[in-house]
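One structure is given here, and the rest of the page talks about it.
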Amino acid sequence: MNAIIFSAVLGVVMMFSGIILRNKSAVTTTAIVSLLVLLLANLCNSYSVFSINIDTHGLLHFNKFGLFFNSILIAATLLFVLLSGKDIEKAGANVSDYYALIFFVLCGTSILTSFNGLLMLFLGIEIMTIPLYILTGAEKRNLKSNEASLKYFLMGCFSTGIMLMGIALVYGATGSFSLNVAASSPASAGMPASSFLQMAGLILLFVSMCFKVSAAPFHFWTPDVYDGAPSVFTSFMATIVKAAGFFAFLNLFESNAQLLGPTWKLLMSFVIIATLLIGNITAVFQQSIKRMMAYSSIAQAGFMLFALYSFNDLAKEGILLYAVAYCLATIGFFAVLIKVKDYTFDGFNGLAKTQPVLAFSATVFLMSLAGIPLTAGFFAKYYMLASVVKSGGSLWIVVVAVLFAAISVYYYFKVIQAMYFREGEPETLEITGSFKTGLVLVAAAVILVGVLPSIVLNWFYF
Amino acid sequence: MIALLLILIPLAAGLVSFAMKQGSAAKNLSLLASVVTLALALAAVSTSSAIVYDVAWLNDLGSRFTLKMDGLSKLLALLTAVSYPLIFAAVYNNEYKKPTSFYGLMLLAQAGLMGVFLAADVLLFYFFWELALIPVYFLSSIWGGEKRIAVTFKFFVYTFLGSLLMLAGILFVYFQTASHSFAMDAFYQVKLSGAQQTVAFWLFFIAFAIKMPIFPLHTWQPDTYEQSPTATTMILSGVMVKMGLFAVVRWLLPLFPLATEQFGDVVMILSIIGMLYASLIAIRQDDIKRLIAYSSIAHIGLMCAALFSGSKSGAEGAMIQMFSHGINVIGMWIIADQIEQKLGTRKMSELGGLAQKAPAMAILLVVMALANIALPLTNAFIGEFLMFSGIFQHSMWMAAAAGISIILAAVYTLNMVQKVIYGSLSTVSANAADIGGNVKLALIVIAVVIIVFGVFPQPMIDLTKDTVAGLFVKK
């Protein structure tokens, strides 16, 4: 409960900070302090030091897994603001509003990591996405940003409609908003254990969640929105928001997947392979790195979906590790991308000569995204694949996944090639020493988690 | 501890080299580190007690940082340790841009290679397998020839794909182990059905076959060898391809005996096709580097075929040959590099009569060439002899087919020798000078090794005994 209350209150605080503070960097500092407070509040909750409890009649349920995941998300946001705070200030005129919206998004993610009923799922998703529509359109005078915002809004509404329909059908079948659809089915009333309405409702929920995490074939909004949004907010959307969506997806179907029986694995294999195929193959042909990263985020979603395929303890640990690895690498890489003026591959030519620190860190992040050993991304992928093998008898899908992982090397390494092996004079924005230090620390964290993933997972069990 | 140091010294020296300002200091540091590593490797080889280093790493996953040295590990660790000082000495006078990074990456690759040969834990092995690849990728892409970016990228994607398939195979076997452990012993004890072995066998073998490379997965190799800076090519063909062969001995044959028996013939036939194919192409080459590259495919094919022949002498011969071929091919590359550095061309049609201008190089090239065709009294002879007897025990016809490649090897190697150093002096060769001090020293050391082990190969045979015995105990 701490995180939900604190994030809402701090969001309001940030909103008004713009009136009091005239200096943009002071607003950023306030945001950083507020995020630290939020993180601390959430940690206090997970270690039961101090927690505010309000009786929600079982609509919210706080467990270790969800709270820890929420801590990861808040920490990732903190990292994001630390690295890209200066760029948020440049995104538009209303800096304090952007921070307020970010806090409201965090309020949504806090609900999504603790919901215990379909109603709260809906509220969480809405609270999380509505601020994002605004952030996407933050560059008021940029047509692309406006288009992206509108597109995101329309597609978001569309998928929310599907979700509501699904919830309505499930409610109609069971008479309850309970998360565990199977348990609440009125078998005593002479109805079959899994009725048609339930099934239809679950499928609609599945489709809407696929929309939210941009899994194929419901991914079409992602590239345009990620490309059109201001780069700083793309970084935020592609990491924290997406990870929260995955957590909700996992939580929603953990007990309900069995209702669909063997069909579930079939459905998931279709979605996973379609997502990996579309994400990876399309990313190969992109000219703009920002757009390539949009498709790469679809491809990474394909890997995260393995957690829903296997639903075992390895999958749970894996999604935690994946969230950490993916957030670190993507936030880090976007922080570099924002500093380079030209987003095409040629714009990165020769970056290693002019900005060796940026190029080196970017290389580490890209290797992590590609899943090269000694980086966090390797263990993220490792856990996902291991969970599938452990769930038994599905080696073929692992082999397909590794084929796509090999393809992903192609587009990630194209950036490395541009930076290190080609000549050029890339134009960059002003780069401060503290930014470089931060970047190197993030790169070091990526490698540290890649050598000892247990430092993340031990926290979870601590 | 000595096993750990073999990895740590190159790793630490490599990282220090990155941080250095002066290229010459990095060069000297690298040479020093490689000599220290060589001394340690020699110490490791001469101790008869078991060398084990074991420390906790990823407890949750059942993986430990375990290093172990058996005969084959010692032999290949020695090969890695010997080749580096030779390479550094041979390229001592070459100028590289950004030398600190160059030497740093070279040493990181050495750390990775050592790790591959010493790891007694599959996950650790996988880590080192990749750690060896990445520095080499950067080395080839930054300091390579004109077409380097596309060529080395093909190499990287190829091998990375292989590694990922191997990872799938590793996971598959891992979940069959009793205690869910990555330890070598746990993997050796796992009982797999025939069908399971088939799946895992191919997942592993494709990775190793790409690395060696075995026909038809060899297409990355000639281009990469040609485009890489020669110092890197020496590592690639001298040491790195042995990773694939070594991995077959360590992780394939003992784990999947049923599948090995079932598919051994397929692998042998592919290897022999590759040998003949590569030899025929080598005859038509005009570029010295490409010639050596194709000749290398042929040699590796023979070693792979011998490993799968299922006979003791074949396995023994292949292991000895891993070492000998590594040393010999480095010698060939050093000479190719010298010719390119001094004359600016690698085309045999433009060379000729070098013996008149560079007699020392000519003599040493002849020694290397004779070793390349495995003439008796050179180190390669004993290995090839054992390998052929192994293949012969398995199938006479395969031995006969593989035997043709010996004749072809003589054709292209002697043809090269004749075109490069004999005949009338060509215009390009006219202003050649003989090789200098460091290079001469490196080549003489190689020539001495060739002849000493050619006359007295027993130490190598003794060293591989325990590995060979281990391979044939399980059946």
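Basis for what follows: all heavy atoms, side chains included, without hydrogens, waters or symmetry-related copies. All values reported here derive from a predicted model rather than from experimental measurement. Labels below follow one simple rule: chain letters A, B, ... track the order of the sequence lines, proteins then strands, and each chain is numbered from 1.
- Proximity to chain A is limited to the side chain of B:Phe160, based on heavy atoms less than 4.5 angstrom apart.
- Neither the backbone nor the side chain of B:Leu133 comes within less than 4.5 Å of any heavy atom in chain A.
- In this structure, the portion of A:Phe379 lying under 4.5 Å from any heavy atom of chain B is its side chain and not its backbone.
- Proximity to chain A (any heavy atom under 4.5 Å) is shown, for B:Ile170, by neither the backbone nor the side chain.
- Comparing B:Asn59, B:Leu61, B:Leu123 by how many heavy-atom pairs each has under 4.5 Å with chain A, the most go to B:Leu61.
- Summarising the local packing, OH of B:Tyr96 is surrounded by more than 12 heavy atoms from other residues, nucleotides or ligands at distances under 6.0 Å.
- Cation-pi check for A:Lys265 over A:Tyr309 is met; the charged atom lies under 6.0 angstrom from the ring centroid and within 45 degrees of its normal.
- Residues A:Asn280 and A:Tyr295 have side chains that never bring a donor and an acceptor to within less than 3.5 angstrom of each other.
- Heavy atoms closer than 4.5 Å to chain A are found in the side chain of B:Tyr174, but not in its backbone.
- At a 4.5 Å heavy-atom cutoff, the contact between B:Trp57 and chain A is made by backbone and side-chain atoms alike.
- Judged by the 6.0 Å distance and 45° axis criteria, A:Lys381 is positioned over the aromatic ring of A:Phe303.
- Comparing A:Val398, A:Val451, A:Ile407, A:Ile416 by how many heavy-atom pairs each has under 4.5 Å with chain B, the most go to A:Val451.
- Salt bridge A:Glu423/A:Lys353: present, at least one basic N to carboxylate O contact under 4.0 Å.
- The part of A:Thr363 that comes within reach of chain B is its side chain, from C-beta onward, which places non-hydrogen atoms under 4.5 angstrom from that chain.
- Using a cutoff of 4.0 Å between basic side-chain nitrogens and carboxylate oxygens, B:Lys68 and B:Asp54 are not scored as salt-bridged.
- By the 4.5 Å heavy-atom criterion applied to side chains, B:Tyr126 and A:Pro373 are counted as neighbours.
- For chain B, no part of A:Ala401 is nearby; none of its heavy atoms comes within less than 4.5 Å.
- Interface remark: B:Leu58 contributes side-chain atoms only to the contact with chain A (heavy atom separation under 4.5 Å).
- When heavy atoms are compared at a cutoff of 4.5 Å, A:Tyr383 approaches chain B solely by way of its side chain, counted from C-beta outward.
- Ring orientation note: the planes of B:Trp202 and B:Phe263 are nearly perpendicular, at an angle over 60° on the 30°/60° scale.
- In this structure, chain B has a heavy atom under 4.5 Å from the side chain of A:Leu314, while its backbone stays farther away.
- Heavy atoms of B:Leu167 lying under 4.5 Å from chain A belong exclusively to its side chain.
- Heavy-atom neighbours of A:Phe270 CZ from other residues, nucleotides or ligands within 6.0 Å: at or below the threshold of 12.
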